[in-house]
Amino acid sequence: MKIGYPCINLSLECRSSHTFRLKNYSKEKLKKTVKSNLKCLLETLKYNINHKILFFRITSDLVPFASHQIMDFNWKKHFSKEFSEIGNFIKKKNIRITMHPGQYTVLNSNNEGVYKRSLEELIYHIDVLDLMKLDKSCKVQLHVGGVYGEKENSLNRFIERYHSLSNNIKERLVIENDDKSYNLKDCLQIYRETQIPIIFDVYHHMCNNSGESIEEAFQLISHTWEKEDGIPIIHYSSEHPHKGKPSHSEHIDLKDFAEFIQKTNIFDYDLMLEIKDKEQSALRVIKILENDPRLYAMI
DNA sequence: TCACGTCAAGCAGAT
DNA sequence: ATCTGCTTGACGTGA
């Protein structure tokens, strides 16, 4: 099991997600920003290795406006050496990487323009992983998308759009159950038509499910990951849907986490911790898992 | 130096 | 109709 966190390391000074306003766009500004983002990304990955964190989500802001029509710079060519260097480090250290396009990327949109821009954004994310020559266990994850008052049609539109994607995208794309629209059952319906692997988000499942227990859910999604996809990816965060606003919590609740681990320890999976304190929760979890599994009961 | 309005982009659900 | 959350901030103008 690899433990990971998303995008930003709060212990480091640097950020790999620096961006700028669209109206300030220039090739020079882009070059400078991407150079600094890539430098910080490598620094972050080195921090992770020094702290035994082997799973990481790379920020979508790595190359600002990469899929925007304003982009007039061949960043892939210009930074190929840097991407290759980072990719070599990732492979050498056996790190697993994911990326997660933002909420504006809606593959099943009923608006042609939104669909087209989403496709461009998806291609950008795939390009980053391809430039680093990472294997197919490194994934780009999406939610299924909008419902538009007609769920079955919208779900089928996702399936159609998926089938029309090129192979290099299909090999990396995975879907995740969300907290409002498309739950585990819906994702499994899509899987049956597409064989797309499913990332299971434990917290989203608590918000939106069809009665499956965590154990049943793990069983169901485990089969959606083929050998070349790597072991299943699970997302975990600490807050319960009922108390207060449903949002990701500040720190990890170790008692809750221990229960979760006990329930799921017969499965092999990599775990992305979506907690606000980022790497701090990952460090705690790694320490606990390393020291003594019997500690679970004592937390 | 700091507060705060704004930033490329979509959708759903609450107010 | 407008605001908020999403993954949960950063930019940059104006005081």
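These values consider heavy atoms only, across backbone and side chains, with no hydrogens, waters or symmetry-generated copies. Each chain gets a letter, A, B and so on, in the order its sequence line appears, and its residues count up from 1.
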(request) May I have the distance from A:Asp277 (atom CG) to C:dT8 (atom C1'), rounded to whole angstrom? (result) 13 Å
(message) Is the phosphate of C:dT7 approached by A:His204 (side-chain N or O, under 4.0 Å from OP1 or OP2)?
(response) yes
(request) Could you name each residue pair satisfying disulfide (SG to SG under 2.5 Å) that touches residues 64-162 of chain A, not counting sequence neighbours? (result) none
(request) Not counting sequence neighbours, which residues clear ring pair (Phe, Tyr, Trp, His ring centres under 6.0 Å) with A:Phe20? List them please. (result) A:Phe65
(request) Verify the contact: side-chain N or O of A:Arg57 to OP1 or OP2 of C:dT7, cut-off strictly under 4.0 Å; return yes or no. (result) no
(message) Whether A:Lys136 and A:Glu171 form a salt bridge (side-chain N of Lys/Arg under 4.0 Å from carboxylate O of Asp/Glu) is what I want to check.
(response) yes
(request) Round to a whole Å and report the spacing from CD of A:Glu13 to C1' of C:dA10. (result) 16 Å
(request) Report the distance from atom CG of A:Asn37 to atom P of C:dA10, rounded to the nearest whole Å. (result) 11 Å
(request) Using whole Å, report how far CD1 of A:Ile58 lies from C1' of C:dT7. (result) 15 Å
(request) State plainly whether the residues A:Lys31 and A:Glu28 are in salt-bridge range, i.e. N to O under 4.0 Å. (result) yes
(message) Distance check, C1' atoms only: B:dT1 and C:dT7, in whole angstrom units.
(response) 30 Å
(request) In whole angstrom, give me the gap between the P atoms of C:dT13 and B:dA8. (result) 13 Å
(message) Ring of A:Phe56, cation from A:Lys2 - is the NZ or CZ under 6.0 Å from the centre and inside 45° of the axis?
(response) no
(message) Nearest whole Å is fine: how far is C:dC6 C1' from A:Asp179 CG?
(response) 8 Å
(request) Treat primed atoms plus P, OP1 and OP2 as sugar-phosphate and everything else as base, then score nucleotides 8-15 of chain B 5' to 3': B for base contact with protein heavy atoms under 4.0 Å, S for sugar-phosphate contact only, - for none. (result) BBBSSS--
(message) From CD1 of A:Ile70 over to C1' of B:dC7, roughly how many Å is that when rounded to an integer?
(response) 13 Å
(request) Over 60° means perpendicular and under 30° means parallel, so classify the ring planes of A:Phe218 and A:Phe267, tilted if in between. (result) tilted
(request) Counting Watson-Crick and G-U wobble pairs whose two distances are both under 3.5 Å, find the runs of 3 or more in a row that involve DNA chain C. (result) B:1-7 with C:9-15, B:10-15 with C:1-6
(message) For residues 78-88 of chain A, which residue pairs pass the side-chain hydrogen bond (donor to acceptor under 3.5 Å, both in side chains) check, not counting sequence neighbours?
(response) none
(request) For nucleotides C:dC6 and B:dA9, find the distance between their C1' atoms and express it as a whole number of Å. (result) 13 Å
(request) For A:Asp201 and C:dC6, give me the distance from atom CG to atom C1', rounded to whole Å. (result) 12 Å
(request) Taking atom P in both B:dG5 and C:dT4, compute the distance separating them and give it to the nearest angstrom. (result) 12 Å
(request) Mind checking side-chain hydrogen bond (donor to acceptor under 3.5 Å, both in side chains) for A:Lys185 and listing every partner two or more places apart, or none if nothing turns up? (result) none
(message) Whether A:Lys151 and A:Asp186 form a salt bridge (side-chain N of Lys/Arg under 4.0 Å from carboxylate O of Asp/Glu) is what I want to check.
(response) yes
(request) Check each of A:Ile199, A:Leu271, A:Val202 against A:His235 using the side chain to side chain contact (heavy atoms under 4.5 Å, CB included) test, and report the only one that passes. (result) A:Ile199
(message) I'd like the P distance from B:dC7 over to C:dT8, given in whole Å.
(response) 23 Å
(request) Grab the OH-C1' distance between A:Tyr182 and C:dC6 for me, whole Å please. (result) 17 Å
